[in-house]
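In what follows, a single structure is set out as structure tokens and then discussed.
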Amino acid sequence: LGELVEREALTPASAELLRQAMRQDLSVLVAGAPGAGKTTLVNGLLREVPPDRRVVPCEEVFEINADLPDMTQMQTREAGLDGGAEITLRDLVREALRQRPDRIVVGEVRGPEALDMLMALNAGCSGVATLHANSARDALEKLVSYSVLAGQNVAIPFVRRTVAAVVDLIVFLRRTGRIRAIDEIAYVPGQLSGEVFTLQPLFEMGSTGLHWTGSTPDDPRLESGGWAR
């Protein structure tokens with residue numbers, strides 16, 4: 001994260017917010033277009049995980065690169081010539097719970113594994129995941145849509161409540177040509193409506209770069225870190 005501050009992708013205050021989020025075991029969703037720098041940010045976030053935490057990344061291609069003392073990386077496998085032995089991302093997320101993780105990392109959510117991830121986070125783990133989306137709010141809606149793909153008996157109101165309960169922060173990255181920038185960092189507060197997600201923007205991109213909105217979440221895990229300045 002310090003390198004991202006040096007490159008002016010993050011401000012010192014926004015980097016401190018993300019550090020505190022990782023140290024306090026908040027679940028963070030990193031969203032944006034392909035090539036926006038999501039994996040780079042995730043690798044930066046994981047370097048802030050306390051060394052006593054057990055981290056289990058689940059990926060299709062090994063991209064997570066974090067020097068953590070207790071990390072078990074798992075990768076999907078395509079079906080063999082006989083059609084068997086396939087290991088899907090859904091399989092990995094479910095298997096990750098057997099590893100007694102403190103934090104589950106899903107390299108890229110783009111299908112029914114979203115529901116398995118939500119269930120894992122609802123079981124007491126914290127998480128980090130990336131997802132293609134057009135905005136921070138769109139990322140939450142994408143989680144709902146992907147979860148519905150898991151089966152016909154998935155109730156949308158249940159999924160929406162679960163998303164709101166387990167996702168704490170969303171970091172949205174925007175790519176314009178060769179320029180990649182963090183566009184917004186938003187907190188997911190308690191929801192007043194079951195149909196539209198409510199977000200609390202903490203940092204937004206303006207004409208002078210990323211700046212604090214002046215808002216502070218009503219969350220004791222983020223109250224005393226000195227980032228709100």
Side-chain angles (χ1 to χ4, degrees), residues 1 10 14-31 38-59 63-74 89-90 92-109 113-131 133 136 139-140 142-144 146-147 159-173 182 185-191 197 199-200 202-203 217-225 227:
L1 295 182
L10 285 171
S14 60
E16 184 57 36
L17 167 67
L18 296 179
R19 286 192 186 95
Q20 188 172 349
M22 299 306 290
R23 293 168 183 170
Q24 294 295 325
D25 299 319
L26 273 69
S27 291
V28 181
L29 185 62
V30 180
K38 298 185 295 297
T39 302
T40 299
L41 178 59
V42 167
N43 283 328
L45 292 174
L46 292 180
R47 284 172 169 78
E48 303 298 334
V49 173
D52 62 339
R53 304 294 200 273
R54 179 164 174 74
V55 178
V56 181
C58 306
E59 305 175 86
E63 294 182 310
I64 301 301
N65 180 22
D67 185 15
L68 297 173
D70 192 1
M71 183 171 74
T72 300
Q73 292 183 263
M74 299 194 296
L89 202 52
R90 295 194 70 182
L92 293 186
V93 175
R94 288 194 291 262
E95 179 61 27
L97 286 177
R98 299 178 181 270
Q99 307 292 327
R100 299 179 291 105
D102 295 301
R103 183 176 293 277
I104 292 177
V105 182
V106 182
E108 182 178 333
V109 179
E113 65 275 359
L115 181 63
D116 301 281
M117 181 187 73
L118 293 176
M119 294 299 98
L121 300 184
N122 207 27
C125 302
S126 60
V128 175
T130 71
L131 181 146
L140 296 181
K142 281 283 187 68
L143 278 183
V144 176
Y146 289 149
S147 296
V159 175
R160 297 185 72 88
R161 289 194 302 270
T162 305
V163 169
V166 302
V167 178
D168 298 305
L169 282 180
I170 305 174
V171 184
F172 177 68
L173 297 91
I182 293 174
I185 302 175
Y187 178 76
V188 183
Q191 302 296 297
F197 284 112
L199 296 180
Q200 183 178 359
L202 304 181
F203 288 87
D218 185 17
D219 189 325
R221 298 171 296 176
L222 294 176
E223 285 180 352
S224 58
W227 59 268

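Only this structure's heavy atoms are used, side chains among them; waters, hydrogens and symmetry mates stay out.
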Would you call [X] and [Y] a side-chain contact if the rule is heavy atoms closer than 4.5 Å?
X: Leu140; Y: Leu199; value: yes
X: Glu108; Y: Leu89; value: no
X: Tyr187; Y: Leu222; value: yes
X: Lys38; Y: Val171; value: no
X: Tyr146; Y: Glu113; value: no
X: Val166; Y: Val188; value: no
X: Cys125; Y: Leu97; value: yes
X: Asp102; Y: Asp70; value: no

Would you compute the distance between atom [atom1] of [X] and atom [atom2] of [Y] and round it to the nearest 0.5 angstrom?
X: Leu68; Y: Arg54; atom1: CG; atom2: CZ; result: 11.5 Å
X: Gln73; Y: Asn65; atom1: CD; atom2: CG; result: 8.0 Å
X: Ser147; Y: Met119; atom1: OG; atom2: CE; result: 7.5 Å
X: Ile170; Y: Leu202; atom1: CD1; atom2: CG; result: 10.5 Å
X: Leu29; Y: Met117; atom1: CG; atom2: CE; result: 6.5 Å
X: Leu26; Y: Arg103; atom1: CG; atom2: CZ; result: 8.0 Å

Which atom of [X] lies closest to which atom of [Y], heavy atoms considered:
X: Pro51; Y: Pro69; value: O-CG, 3.3 Å
X: Gln200; Y: Pro189; value: N-CD, 4.0 Å
X: Cys58; Y: Leu92; value: SG-O, 3.7 Å
X: Thr72; Y: Pro57; value: O-CD, 3.1 Å
X: Gly44; Y: Leu1; value: O-CG, 3.9 Å

Side chain [X], main chain [Y], donor-acceptor under 3.5 Å:
X: Gln20; Y: Trp227; answer: no
X: Arg47; Y: Asn43; answer: yes
X: Glu63; Y: Thr39; answer: no
X: Gln24; Y: Met22; answer: no
X: Asp168; Y: Ser27; answer: yes

request  = I would like to know whether Phe197 and Val163 meet side chain to side chain contact (heavy atoms under 4.5 Å, CB included); could you show each step before the answer?
outcome  = CA-CA 10 Å; Phe197 284 112; Val163 169; 3.9 Å; yes
message = Tell me if the CG atom of Asp52 is crowded by more than 12 foreign heavy atoms within 6.0 Å.
response =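 Yes, because the 6.0 Å sphere around CG of Asp52 holds more than 12 heavy atoms from other groups.
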query = Taking it one step at a time, do Val105 and Met71 satisfy side chain to side chain contact (heavy atoms under 4.5 Å, CB included)?
reply = CA-CA 10 Å; Val105 182; Met71 183 171 74; over 6 Å; no
